[in-house]
Structures are given as C-alpha cells and as structure tokens.
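Each remark here refers to the structure printed beneath this line.
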Number of protein chains: 2
Amino acid sequence: MTLKEKIKTEEKIILAAEEIFLKKGFDGARMQEIANKASINKALLHYYYRSKDKLFLAVFRSLAPKIFPPVFRVLTTDLSFFEKIEQVIINYINLLKVNPRLPLFIMSELSKKSESIIEIMQETFENMDFNPLQLFKEELQNEIDKGNVINIDYQQLFVNIISLCIFPFVGKPILKIIGFENSEKEYDEFIENRKREVPKFIINSIKISK
Amino acid sequence: MTLKEKIKTEEKIILAAEEIFLKKGFDGARMQEIANKASINKALLHYYYRSKDKLFLAVFRSLAPKIFPPVFRVLTTDLSFFEKIEQVIINYINLLKVNPRLPLFIMSELSKKSESIIEIMQETFENMDFNPLQLFKEELQNEIDKGNVINIDYQQLFVNIISLCIFPFVGKPILKIIGFENSEKEYDEFIENRKREVPKFIINSIKISK
DNA sequence: ATATCGTTTAACCAATTGGTCAAAATATAA
DNA sequence: TTATATTTTGACCAATTGGTTAAACGATAT
C-alpha cells in the first residue's frame, strides 16, 4: 500500500495547492492553509515539495497546459474553417466555465514572477504535438486565397478570438457590476449566450458572402 | 510651508503605493518597500494611512475610475455611432499603453478581496456624470431601428468591444510567448495596429451595407 | 524667546510565516 | 521476529511583516 498511499498523498497535496494558489495567488497562499486543505501536517508538505516555490512551480506546471489547450485540437480535424472557429469558441467557453479562475491566475503570476514561470509556459507550448497558431495561419490564408474570407492578419484575428472567449471570465467581477446589476444568474446566461453570439460576431466580420 | 509639505508627502506616498501595489498586488506589496520608494520612514506611512488596508483602499479608490473611464465620454459627443466606436477603441488602447498594469491589477484584486473593494467600484460608477452603458444601448438601438446595424444584443457588443481592447494587455505575457516569439517590439507594433484593426473588425461585423 | 502644534524618526514589538529536526509511527525486507 | 527504510508528526526556529511608541524635530503664533 506504500506506493499507492504515497501517490495518494502527493495527489492530495497538489489538488489542495491548486485550489489555494488559484484562489489566492502565490503571495496570498499560505503553506499552512494548503496543508490543512490536504489534511496533512505542514512538515509533510516540505517533505514532498521542499519549498513553497517548488510546490508552486509544480502546480503551475500542471495548470499551464490547460489555458491554451486541447481546445485548439479541433484545428487538426477536417471541419470547415468556420466550423472550427465555432468549435474552438464553444470548447473554450465550456472549459472556462469549469475553470473560471484559471486565466486570471496564469496571467497574474506570469506578469509577476518572471523567468522560471515564463520558461514553464514556453516548454508547455513546445511540448504540444501540434502548433495551433501555425495551423490557424495556414488555414486562414487558404480561405483568403479562395476568396471566402477578407484579408485579415492572422495574429489580429487569433487574438480577437481568444480575447472574446477569455476576457468575460477575467473581467467578470467588473462586468457584473457595470452591466448586470451584480447578478450572478444574469451573467451566467450572458456567458452561455456567447457560445452562439461570439462565433456569429466573428464570422460576420470576416466572411465574404457570394 | 507646512500644508504644502504635507500635501507633498501624502502625494508622494500615494504615488509610491500605486506603483508598488500595481506591480505586486496587495499581498505581494510591502509597507517597507512603499516607504522606501516614497523616501520616508515606515512609521510615517502609518501616520498618514493607519494601516496597509487603508492605504490600499486609498490607492484603489484613486485607480478605479481609470479603468472604465473618460474613454467613454465620447459617447456624449455628436459623432456618428461608428465614429464613436472607433474613438472609444483608440482612446482605450492609448490609455492602456500608458497604464498597462491597470486592468490586471483591478481584476485581480476585485476577484480576491471582495466587499469593500466591490463597494468602491460600485460607487465609482454611480459617481459618473453619465451612464456609458445606457447611452450605448440607446444609440445602438437607434442605429438598429434605422437599419444601419444588425440586430445585436447591446451587452454582447459592449463586452466584445471592451474585451478586444483590454485583453491584449492583460494577456500580453502569454500572447507574447505563443504568437510573437517573446519580442517586445513586435508586440508593441501589434498593439499599435489594433487601433485600426479592431474598429474595422467590429464595424465589419455589425454594419449593414446598403 | 518660548510654548504649542503637527511632522518625522529610530527603536521596538507581537504575530505570522516558511522552513527544519529529531522522534514516532508505519510499512517493507530479512 | 527483527532490522531497515519510508512516511508522518509535534515542537521549534529565524526571518519577515504590519504596526506602535516615545522622543526629536521643525514651523508658527504669542
């Protein structure tokens, strides 16, 4: 049972650490709180992960791949370009509904602790078995050449798509205040509607009707 | 000179505190560091602002109005709807080029420390002498009625515009990695181009050509 | 000049925090 | 069973941190 228990403990720690770091960030997180959440002694945290830094890096390494994610795998399928855009958006919004704190966490930490974290992020992308941006660029150019899509810069369009998916989650607290009378329910509906509205909005903008 | 000096000290403190809080967030900021940056004794910080919390609230109160900002005052002018959209975007991007850390700061803190900060944010909007979202809603409806613009939900469009402006700044660290080979210069050009590309993108999507 | 007021400082404090250590408990191997 | 290796714990530590205090300083008014 040793090995099994060990994995169990390590896993318990990572899950607890994820939850606390996601909610409070590196600076706001307390080792004691993580230990409590994992139902273990604080010394045991340091037994498995020697320092707060190391523990954080482990957590970050496990979360990093989720933000820029499986979502883009649709690009490798044989759907049409517009269908792919639609699927990416729907998948992305669904992912973020399950992990609403992920983007703010990644971006906050990425903008403070540089070096080591940036490296992890870079490795994460290098380790992907396909290059989303490259695929996107080629497919877009293809559609432009065929006269289906207006001549638009692939980086601009790519960032537009990502922005329209992620920002409503990052900016939720402020958007709720200014536009939704602080109502959680209204905002959830709004997000749900975006699965339809965002693809429409984007395709409207770039599609050439014949 | 007493009064003048006092104002000067208070101002020095707020400026230093803004810089540190913006860069490190509430949890990461140190009172000692703020004191150093303001070239004063740490005890003097507590003389003017009794606690870290109070100081932070003062800083937040002074920064909050900037995020959702003068930028929207164009809505009160007599420009055309499309010109207004264009101006809002250009102004917003210009503002964020000067205060790139502002959005991430506001949103990070807003998503952690609730209550008091959320109240400040709400007051900030209530104290504006015009209601951007309401104006936007009416003008949009007007354009829809005139047949100039497709039938689109004002909340969706409003969030779209804000997303396309803010997110490239919030997500800069990660976007730089995935799409710009970590080049600061390339990314700056990309942002600069957005002043043209984003208005075009939006208007393309909603405008009805006759 | 001096008493009075607000401002500034150095020294200090208590609480928190990340981290250590030696011993206890538990599992594994002989 | 006994010896050995691994895992878990409670007690402890040094450093940091927000915050306090009493004294010094400086300007102003009388």
Side-chain angles (χ1 to χ4, degrees), chain A residues 1-61 105 108-109 112-117, chain B residues 1-61 105 108-109 112-117:
Chain A
M1 274 294 216
T2 308
L3 189 63
K4 203 168 178 179
E5 289 295 329
K6 184 183 169 180
I7 290 174
K8 213 172 142 196
T9 302
E10 263 190 53
E11 189 63 16
K12 267 198 313 183
I13 292 177
I14 284 289
L15 287 179
E18 276 186 15
E19 193 178 328
I20 302 294
F21 279 133
L22 268 173
K23 200 181 313 187
K24 312 210 167 180
F26 178 84
D27 292 323
R30 298 289 160 247
M31 293 297 269
Q32 185 61 58
E33 200 180 353
I34 294 173
N36 291 346
K37 179 129 293 182
S39 309
I40 58 166
N41 191 288
K42 188 179 61 151
L44 201 56
L45 269 184
H46 288 87
Y47 175 77
Y48 280 99
Y49 303 86
R50 294 186 16 202
S51 66
K52 189 184 181 184
D53 271 283
K54 296 251 174 60
L55 175 58
F56 180 79
L57 289 182
V59 167
F60 193 87
R61 198 171 276 113
F105 168 77
S108 281
E109 301 301 334
K112 287 175 206 162
K113 323 240 303 177
S114 42
E115 290 312 324
S116 47
I117 292 199
Chain B
M1 275 297 214
T2 309
L3 190 64
K4 206 168 178 180
E5 288 294 329
K6 184 184 168 178
I7 289 173
K8 216 171 138 194
T9 303
E10 263 190 53
E11 189 63 14
K12 270 198 314 187
I13 292 176
I14 284 289
L15 287 178
E18 276 185 15
E19 193 178 328
I20 302 295
F21 278 134
L22 269 172
K23 201 181 311 185
K24 313 210 166 178
F26 179 84
D27 293 323
R30 298 288 161 249
M31 292 298 268
Q32 186 61 57
E33 200 180 354
I34 294 173
N36 292 346
K37 178 130 292 183
S39 307
I40 58 167
N41 191 286
K42 189 180 60 154
L44 201 55
L45 269 184
H46 288 86
Y47 175 77
Y48 281 99
Y49 303 85
R50 297 191 8 207
S51 66
K52 188 184 181 184
D53 271 282
K54 296 250 173 62
L55 175 58
F56 180 79
L57 289 182
V59 167
F60 192 87
R61 198 171 275 114
F105 168 77
S108 281
E109 301 302 334
K112 286 175 206 162
K113 324 239 304 177
S114 42
E115 290 312 324
S116 48
I117 292 198

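Every chain is numbered from 1 and lettered A, B, ... according to where its sequence line falls, protein lines coming before strand lines.
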From S51(A) OG over to L57(A) CG, what is the distance, rounded to the nearest 0.5 angstrom? 8.0 Å
Both atom distances under 3.5 Å, Watson-Crick or G-U wobble: I'd like the secondary structure of DNA chain C as a dot-bracket string, with | for pairs made across strands. ||||||||||||||||||||||||||||||
Quick one: pull up CD1 in I117(A) and CZ in R61(A) and give me the separation to the nearest 0.5 Å. 10.0 Å
Would you say that I13(A) contacts L55(A) through its side chain, given a criterion of any heavy-atom pair below 4.5 Å between the two side chains? yes
Let me know the distance between NZ of K8(A) and P of dT7(D), rounded to the nearest Å. 15 Å
Measure the spacing between CG of N41(A) and OH of Y47(A) and express it to the nearest 0.5 Å. 13.0 Å
Tell me whether the OP1 or OP2 atom of dT7(D) has a side-chain N or O from T9(A) closer than 4.0 Å. no
Can you measure from NE2 (H46(A)) to NZ (K52(A)) and round to the nearest 0.5 angstrom? 9.5 Å
Taking CG from L45(B) and P from dA10(C), how many angstroms apart are they, rounded to a whole number? 14 Å
Rounded to whole angstrom units, what separation is found between the OH atom of Y47(A) and the P atom of dT9(D)? 12 Å
Measure CG/N41(A) against C1'/dT26(C) and give the value in whole Å, please. 16 Å
Side-chain donor-acceptor pairs under 3.5 Å in residues 25-35 of chain B, sequence neighbours left out?
unit_1: R30(B); atom_1: NH1; unit_2: D27(B); atom_2: O; d: 3.3
unit_1: R30(B); atom_1: NH2; unit_2: D27(B); atom_2: O; d: 3.4
unit_1: Q32(B); atom_1: NE2; unit_2: N36(B); atom_2: OD1; d: 3.0
unit_1: E33(B); atom_1: OE1; unit_2: K24(B); atom_2: NZ; d: 3.4
unit_1: E33(B); atom_1: OE2; unit_2: K24(B); atom_2: NZ; d: 3.2

Check whether any side-chain N or O of Y48(A) sits under 4.0 Å from OP1 or OP2 of dT8(D), and answer yes or no. yes
Residues passing the side chain to side chain donor-acceptor pair (under 3.5 Å) test with E109(B), sequence neighbours excluded, are none
Rounded interatomic separation in angstrom, taking NE2 from H46(B) and P from dG18(D): 7 Å
Walk me through it: do F105(A) and F60(A) pass the test side-chain contact (heavy atoms from CB on, under 4.5 Å)? CA-CA 9 Å; F105(A) 168 77; F60(A) 193 87; 3.9 Å; yes
Between P of dT20(D) and OH of Y49(B), the distance in whole Å: 17 Å
Rounded to the nearest 0.5 angstrom, the CZ-CD1 distance for F21(B) and I14(B) is 9.0 Å
Whole-Å distance between dG19(C) P and Q32(A) CD? 13 Å
Residues forming a salt bridge (Lys or Arg N to Asp or Glu O under 4.0 Å) with K37(B), sequence neighbours excluded: E19(B)
Set out, line by line, the N/O atom pairs under 3.5 Å between protein and nucleotides 12-17 of chain D.
unit_1: dT17(D); atom_1: OP1; unit_2: R30(B); atom_2: NE; d: 2.7

What does nucleotides 21-26 of chain D look like as a protein-contact string, B for base, S for sugar-phosphate only, - for none, at under 4.0 angstrom between heavy atoms? B-----
To the nearest angstrom, the CD1-P distance between I40(A) and dT6(D) comes to 19 Å
